[in-house]
Amino acid sequence: MIIVMASRKQEDVDFVVSKIEELGYNAHIIVGEKRTVIAAVGDERGKYRLQALEALPHVEQVFPILKPFKLVGREVKAESSMVECGPVKIGKGFFCVMAGPCAVESRDQIMETAAAVKEAGANMLRGGAYKPRTSPYSFQGMEEEGLRLLKEAGERYGLPVVTEVVTIEQVSVVMDYVDMLQIGARNMQNFGLLRAVGKTSTPVLLKRGMMSTINEFLMSAEYILSEGNPNVVMCERGIRTFETETRNTLDIQAVPVLKKYTHLPVIIDPSHASGHWDLVTPMARAAVAAGADGIIVEVHPRPAEAFSDGQQSLRPDKFKKMMEEITPLLNVMGMTIAR
Ligand code: PEP
Ligand code: MN
């Protein structure tokens with residue numbers, strides 16, 4: 001249920017929150033530009049008991065949330081949200097460019113990549129330390145040493161860092177090193193992991209499962225918000241279709257569809273979507289034109305030597321060219337890159 005407050009005073013909001021909690025529901029306060037609303041979420045069955053709260057002073061209106069997702073939806077919060085990772089802003093007119101290798105492989109590799117992407121205009125550094133590989137015999141990542149190197153590179157070049165967390169146990173370790181936690185496509189419905197990152201206040205990059213519908217994707221984001229972490233960025237990274245020419249099929253329509261339903265920022269991963277370096281720039285252009293709030297792109301100084309995903313990684317010169325190509329489009333779309 002949505003409880004629209006007639007008052008924005010803290011004591012009035014606290015009073016209504018206490019009434020919601022007495023009924024056994026969780027109260028999430030959403031302070032908008034024009035109004036404060038409280039989303040009461042919990043057991044669907046007795047939700048109509050909340051209707052009686054309309055009689056409370058300072059409550060303007062109580063109405064049900066019709067969509068299956070609640071906190072991520074525009075019913076609860078009509079205006080778009082912005083997620084901040086240090087100085088980097090994502091959403092509400094701010095475009096992010098996260099770039100870096102699929103995996104951190106060595107000190108030299110991550111430093112060289114960080115320097116190059118910074119110079120070309122990226123505002124965040126990506127790099128996997130725990131890799132979710134299809135084969136247990138493939139390179140699994142440098143683990144905590146990889147996190148240390150990623151953090152060091154991010155600090156040296158002034159780039160907030162994002163890395164994937166694969167298991168619940170890793171969350172507390174990874175959080176100490178990074179500015180943003182990534183939930184990979186393979187874990188989009190790992191509900192325990194979603195709840196674990198939801199209990200932190202670290203921004204989360206949630207990638208769409210390769211076989212997940214948009215509704216399932218939104219419900220996964222709901223898990224994170226329901227635990228109290230509102231800082232979620234959604235990432236479309238391609239889905240499996242009958243097409244074999246590309247690694248996945250980029251569902252570019254997911255951008256406007258997601259934006260219709262959710263206030264959360266939406267970004268595109270043209271690297272994993274296409275699986276080929278030469279498709280990355282055209283799909284990055286498409287992302288901007290479709291209204292995405294950012295991109296996450298794999299960049300490697302020597303893609304042929306990459307331990308993972310070399311075929312879809314851009315060389316620094318190609319990444320620079322990509323940035324030059326998207327800059328005029330960003331201007332047309334009224335988007336700014338915050339640093
Ligand atoms: C990645 O970003 O390196 C990755 C493994 O992505 P995805 O989870 O989208 O496959
Ligand atoms: Mn990768």
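The basis for the numbers below is simple: all heavy atoms, side chains too, and nothing from hydrogens, waters or symmetry mates. Order of listing sets the numbers, starting from 1, for every ligand and every atom in it.
Those atoms of ligand 1 that come under 4.0 Å of a heavy atom in Glu298, given as number and element, are 3 (O). Of all atoms in ligand 1, listed by their number and element, those nearer than 4.0 Å to a heavy atom of Lys131 are 1 (C), 3 (O). Applying the 4.0 Å criterion to heavy atoms of Gly184 picks out, from ligand 1, the atoms 8 (O).
Of the charged side-chain nitrogens involved, at least one lies within less than 4.0 Å of a carboxylate oxygen, so that Arg302 and Glu112 count as a salt-bridged pair. Salt-bridge formation is detected for the pair Asp293/Lys259: a Lys NZ or Arg NE/NH1/NH2 atom is positioned less than 4.0 Å from an Asp or Glu carboxylate oxygen. Salt-bridge check for Lys92 with Glu33: passed, with a basic side-chain N closer than 4.0 Å to an acidic carboxylate O. A salt bridge does not link Glu75 with Lys67: every distance from a Lys NZ or Arg NE/NH1/NH2 to an Asp or Glu carboxylate oxygen is 4.0 Å or more. Between Arg148 and Glu145, at least one side-chain nitrogen of the basic residue sits less than 4.0 Å from a carboxylate oxygen of the acidic one, meeting the salt-bridge criterion. We find that Arg126 and Glu164 are not joined by a salt bridge, their nearest charged nitrogen and carboxylate oxygen being 4.0 Å or further apart. With respect to the salt-bridge test (charged N to carboxylate O, under 4.0 angstrom), the residues Asp43 and Arg49 do not qualify. Checked for salt-bridge contact, Arg208 and Asp251 meet the test: a charged N lies under 4.0 Å from a carboxylate O.
Remark: minimum distance from atom 4 (C) of ligand 1 to any protein heavy atom is reached at His272 NE2, 3.4 Å. In terms of protein heavy-atom proximity, atom 9 (O) of ligand 1 is closest to Arg237 NE, 2.6 Å. Of the protein's non-hydrogen atoms, the one nearest atom 8 (O) of ligand 1 is Ala185 N, 2.7 Å. The protein heavy atom nearest to atom 6 (O) of ligand 1 is Lys207 NZ, 3.0 Å.
Here Met210 has no heavy atoms under 4.0 Å from ligand 1, in either its backbone or its side chain.
Looking at ligand 1, you won't find any N or O of Glu164 less than 3.5 Å from one of its N or O atoms. By the 3.5 Å distance cut-off applied to N or O atoms, Gln182 is counted among the residues near ligand 1. When only interatomic distances are considered, the shortest N/O to N/O separation between Arg126 and ligand 1 falls below 3.5 Å.
Take the N/O/S atoms of Glu298: the one nearest the Mn ion (ligand 2) is OE2. Minimum-distance N/O/S atom of Asp309 relative to the Mn ion (ligand 2): OD2.
In summary, of the residues considered (Cys85, Pro203, Pro265), a side-chain contact (heavy atoms from CB on, under 4.5 Å) with Asn231 occurs for Pro203 alone.
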